[in-house]
Visitor: 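What follows is a single structure, and I will ask about it in a moment.
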Amino acid sequence: QVQLVAFGGGLVQPGGSLRLSCAASGSIFSIIAMGWYRQAPAKQRELVAGITSGGSKNYADSVKGRFAIPRDNAKNTVYLQMNSMKPEDTAVYYCNVELTYISGRYYPRDSWGQGTQVTVSS
């Protein structure tokens, strides 16, 4: 199976930037896509950004133009570059692998780890 380590969270001021990293190891060959998700208190977990093994990317409407999901295949690492951050970006951020594709959508495995806390505040 794939093992993931997400890190890079912290406190940032509104308008600032933060870069999260997700390093993968194990059965990398089985990954068809990876995604960054976030969950704020009393809210459902939501997809923030995703990237397929072929390099196609998609973003939630709330982060389009502000976030990017670059990848370094040599390091087996996916990043979440967050710019122009807003207080509503505050959440625990998770990375996950997406192993299935059903009806036009990728689905993550049911294993989320600890995530990394991102707080946007003055």
Side-chain angles (χ1 to χ4, degrees):
Q1 280 290 344
V2 177
Q3 296 177 326
L4 302 173
V5 179
F7 59 94
L11 176 65
V12 62
Q13 296 188 33
S17 297
L18 201 62
R19 187 180 181 92
L20 306 182
S21 300
C22 179
S25 61
S27 302
I28 305 300
F29 69 91
S30 66
I31 302 173
I32 61 173
M34 294 187 67
W36 283 99
Y37 300 76
R38 67 186 181 188
Q39 185 169 29
K43 292 185 178 180
Q44 297 286 337
R45 184 186 297 112
E46 63 175 344
L47 175 68
V48 177
I51 181 170
T52 70
S53 59
S56 297
K57 303 172 182 179
N58 72 289
Y59 301 92
D61 288 341
S62 60
V63 306
K64 286 181 179 177
R66 300 190 297 118
F67 290 11
I69 184 170
R71 177 178 65 190
D72 188 337
N73 287 334
K75 298 180 179 179
N76 294 325
T77 299
V78 172
Y79 306 91
L80 183 65
Q81 178 64 50
M82 301 181 287
N83 302 316
S84 302
M85 298 189 71
K86 304 175 180 179
E88 49 263 46
D89 294 323
T90 297
V92 177
Y93 284 70
Y94 304 86
C95 69
N96 210 344
V97 296
E98 294 159 341
L99 305 179
T100 58
Y101 181 80
I102 303 174
S103 299
R105 289 191 175 276
Y106 294 89
Y107 291 84
R109 64 181 181 179
D110 191 18
S111 180
W112 292 95
Q114 298 180 13
T116 183
Q117 176 71 49
V118 173
T119 302
V120 185
S121 180
S122 299

Visitor: Walk me through it: do Thr90 and Met85 pass the test side chain to side chain contact (heavy atoms under 4.5 Å, CB included)?
Guide: CA-CA 9 Å; Thr90 297; Met85 298 189 71; over 6 Å; no
Visitor: State, to 0.1 Å, how close Thr116 and Gly9 come at their nearest heavy-atom pair, and which atoms those are.
Guide: OG1-N, 3.0 Å
Visitor: Indicate yes or no: at least one non-hydrogen side-chain atom of Val97 is less than 4.5 angstrom from one of Leu4.
Guide: yes
Visitor: How about Val120 and Met82: do any of their side-chain heavy atoms sit closer than 4.5 Å?
Guide: no
Visitor: Between atom CZ of Phe7 and atom SG of Cys95, what is the distance when rounded to the nearest 0.5 Å?
Guide: 9.5 Å
Visitor: Are Val48 and Asp89 side-chain neighbours, meaning at least one heavy-atom pair lies under 4.5 Å?
Guide: no
Visitor: Partners of Asp110 by side chain to side chain donor-acceptor pair (under 3.5 Å), sequence neighbours excluded?
Guide: none
Visitor: Tell me, with the steps shown, if Leu11 and Ser121 meet side chain to side chain contact (heavy atoms under 4.5 Å, CB included).
Guide: CA-CA 7 Å; Leu11 176 65; Ser121 180; 4.2 Å; yes
Visitor: With a 4.0 Å cut-off on N to O distance, would you call Lys64 and Asp61 a salt bridge?
Guide: yes
Visitor: Just wondering, are more than 12 heavy atoms of other shown residues or ligands nearer than 6.0 Å to NZ in Lys75?
Guide: no
Visitor: Output every pair passing side chain to side chain donor-acceptor pair (under 3.5 Å) with a member in residues 45-56, not counting sequence neighbours, ordered by first then second residue.
Guide: Arg38-Glu46
Visitor: Does Arg109 reach the side chain of Gln1, with side-chain heavy atoms less than 4.5 Å apart?
Guide: yes
Visitor: Specify the closest pair of heavy atoms between Ala33 and Tyr106, including all atoms of both residues, with the distance to one decimal.
Guide: CB-CD2, 3.8 Å
Visitor: Decide if atom CD of Glu88 counts as having more than 12 heavy atoms of other residues, nucleotides or ligands within a radius under 6.0 Å.
Guide: yes
Visitor: Identify the two heavy atoms, one from Tyr94 and one from Gly113, that lie closest to each other, and give their separation to 0.1 Å.
Guide: CE2-O, 3.7 Å
Visitor: Would you say Tyr79 and Val63 are hydrophobically clustered, going by side-chain heavy atoms of ILVMFWY under 4.5 Å?
Guide: no
Visitor: In terms of hydrophobic clustering (I, L, V, M, F, W, Y; side-chain heavy atoms under 4.5 Å; direct or indirect links), are Ile69 and Leu20 co-clustered?
Guide: yes
Visitor: Report whether Val92 and Met34 are members of the same hydrophobic cluster (ILVMFWY, side-chain heavy atoms less than 4.5 Å apart, transitive linking).
Guide: no
Visitor: For the hydrophobic clusters of this structure (ILVMFWY residues joined by side-chain heavy atoms under 4.5 Å, transitively), does one cluster hold both Ile28 and Ile51?
Guide: yes
Visitor: Taking the side chain as every heavy atom from C-beta outward, state whether Val78 and Trp36 have any pair of such atoms under 4.5 Å apart.
Guide: yes
Visitor: Could you check Leu47 against Glu98 for side chain to side chain contact (heavy atoms under 4.5 Å, CB included), going step by step and ending with a plain yes or no?
Guide: CA-CA 12 Å; Leu47 175 68; Glu98 294 159 341; 4.2 Å; yes
Visitor: Can you tell me how the ring of Phe67 sits relative to the ring of Tyr93, calling it parallel under 30°, perpendicular over 60° and tilted otherwise?
Guide: tilted
Visitor: Roughly how far apart are Ser17 OG and Arg66 CZ, rounded to 0.5 Å?
Guide: 10.5 Å
Visitor: Tell me whether Ile31 shares a hydrophobic cluster with Leu80, the cluster being built from Ile, Leu, Val, Met, Phe, Trp, Tyr side chains joined at under 4.5 Å.
Guide: yes
Visitor: Taking all heavy atoms of Arg19 and all of Pro70, pick out the closest pair and write down the distance.
Guide: NH2-CG, 3.8 Å
Visitor: Which pair of non-hydrogen atoms, one from Ser30 and one from Leu99, has the smallest distance, and what is that distance?
Guide: O-CD2, 3.4 Å
Visitor: So which atom in Pro108 and which in Asn96 form the shortest heavy-atom distance, rounded to 0.1 Å?
Guide: CB-ND2, 3.6 Å
